[in-house]
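What follows is a set of notes on a single structure, which appears directly below.
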Amino acid sequence: MTGRRIVVMARHGESEWSKNNVFCGWYDSLLSDRGMNEALECAELLKQSNYTFDKAYTSLLTRAHQTLKIITEHIGQPNLPVEESWRLNERHYGALTGCNKAELAEEYGESQVQIWRRSFDVLPPVMDKSHAYYMSIWCHPKIVAHSYTSSEKFPSTESLKETMERVIPYWDNFIVPHIKRGQRVLIVAHGTVLRSLIKYLDGVSDNDICSINIPSGIPFVYEFDDDMNVVSSKKFLGDKKRIEEGIARAASIGSH
Ligand SMILES: O=C(O)[C@H](O)COP(=O)(O)O
């Protein structure tokens, strides 16, 4: 089939843990009030541009599901088929999960915290069984259900590199075939998952990806040709100032 192959991606709205400036990763934090509004703004931008979809993809995490639900209801597609996968979960932030970013910057220095957050391949320390959020993450009903049906090994820490190693095969094997069949796809995921896709699709270098930040709740669009070459890349919808502010917010370590 010939025609425009459009994929819309969005990062979920702000979570409670992000509001408190705490590393979240696989911890299942809910959307904050601001996050709910961001999801609604995201939905409104899609509605204004008349976007509709055939299929949505998201992670196992509630903040992404809440965002997706707000979007699908607002654009009048509450029954849009949704496929969820742990492969679209936020990166596993290892032992940093639950730590306040500003406090870590005081202890280890800002540049070390930014290396953990944005470098391509520097791993945060591993989360072991003694970690305060170990049980909360591994006893999550969706993770438990998945462990019964699959032999896949889950991570205990991830950099962008390891995140890409699970996201890109999922994109290639599970999402791309639907796009090639002409389906309009929406992906609601997390900062590092979207950075993985951007790095892969746009051929961003290991160095340049460090300065790419994804604002919460602002949709962006990729367009592909029939051979899945990128024709138009990462086009954010909406107000330029709001996009710039969102990017700056995602880049910053934040305060207590
Ligand atoms: O997991 C998290 O803490 C957030 O999704 C993103 O945090 P970051 O912008 O510090 O990577």
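What you see below is based on every heavy atom in this structure, not just the backbone, and it leaves out hydrogens, waters and symmetry mates. One-based numbering, in listed order, for ligands and for the atoms of each.
Residue W26 shares its hydrophobic cluster (ILVMFWY side chains chained together at separations under 4.5 Å) with W17, V22, Y27, L60, W86, M127, Y133, Y134, M135, I137, W138, I143, F154.
Using a 4.0 Å cutoff on heavy atoms, R11 counts as a contact of ligand 1. Ligand 1 lies nowhere less than 4.0 angstrom from a heavy atom belonging to G191. Using a 4.0 Å cutoff on heavy atoms, R91 does not count as a contact of ligand 1.
Using a 4.0 Å cut-off between charged side-chain N and carboxylate O, R91 and E162 make no salt bridge. Comment: E41 engages R242 in a salt bridge, judged by a side-chain N to carboxylate O separation of less than 4.0 angstrom. With salt bridges taken as basic N to acidic carboxylate O contacts below 4.0 Å, none links R166 and E152. Salt bridge present: E14 and R249 bring a charged side-chain N and a carboxylate O closer than 4.0 Å.
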Original post:
Passes salt bridge (charged side-chain N to carboxylate O under 4.0 Å, His left out), K235 versus E223? Steps please.
Top reply: CA-CA 9 Å; K235 244 196 193 149; E223 189 175 339; 5.8 Å; no

Subject >> Audit row: R4, D225, salt bridge (charged side-chain N to carboxylate O under 4.0 Å, His left out) steps and yes/no >> reply: CA-CA 7 Å; R4 293 170 79 212; D225 68 14; over 6 Å; no

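For atom 5 (O) of ligand 1, the nearest non-hydrogen atom of the protein is E90 OE2, 2.8 Å. Regarding atom 1 (O) of ligand 1, its nearest protein heavy-atom neighbour is G25 N, 2.8 Å. Ranking protein heavy atoms by distance to atom 7 (O) of ligand 1, first place goes to K101 NZ, 3.1 Å. Closest to atom 3 (O) of ligand 1 among all protein heavy atoms lies C24 N, 2.8 Å. With hydrogens left out, the protein atom closest to atom 11 (O) of ligand 1 is Y93 OH, 2.6 Å, a heavy atom.
Residue R117 has at least one heavy-atom neighbour below 4.0 Å for each of these atoms of ligand 1: 8 (P), 9 (O), 10 (O). Numbered from 1 in the order shown, with element, the atoms of ligand 1 that lie under 4.0 Å from a heavy atom of F23 read 3 (O), 10 (O).
For the pair H12 and ligand 1, the shortest N or O to N or O distance does not fall below 3.5 Å. Ligand 1 has no nitrogen or oxygen under 3.5 angstrom from a nitrogen or oxygen of S18. Checking only distances, T192 never comes within under 3.5 Å of ligand 1, N or O to N or O.
Using a 4.0 Å cut-off between heavy atoms, R118 contacts ligand 1 through its side chain alone, with no backbone atom that close. Contacts with ligand 1 closer than 4.0 Å are made by no heavy atom of W17, backbone or side chain.
Y108 has its ring centre less than 6.0 Å from the ring centre of W116.
Using a 4.5 Å heavy-atom threshold, the side chains of M9 and L201 count as touching. Side chains of L197 and Y170 form no contact here, defined as non-hydrogen atoms less than 4.5 Å apart.
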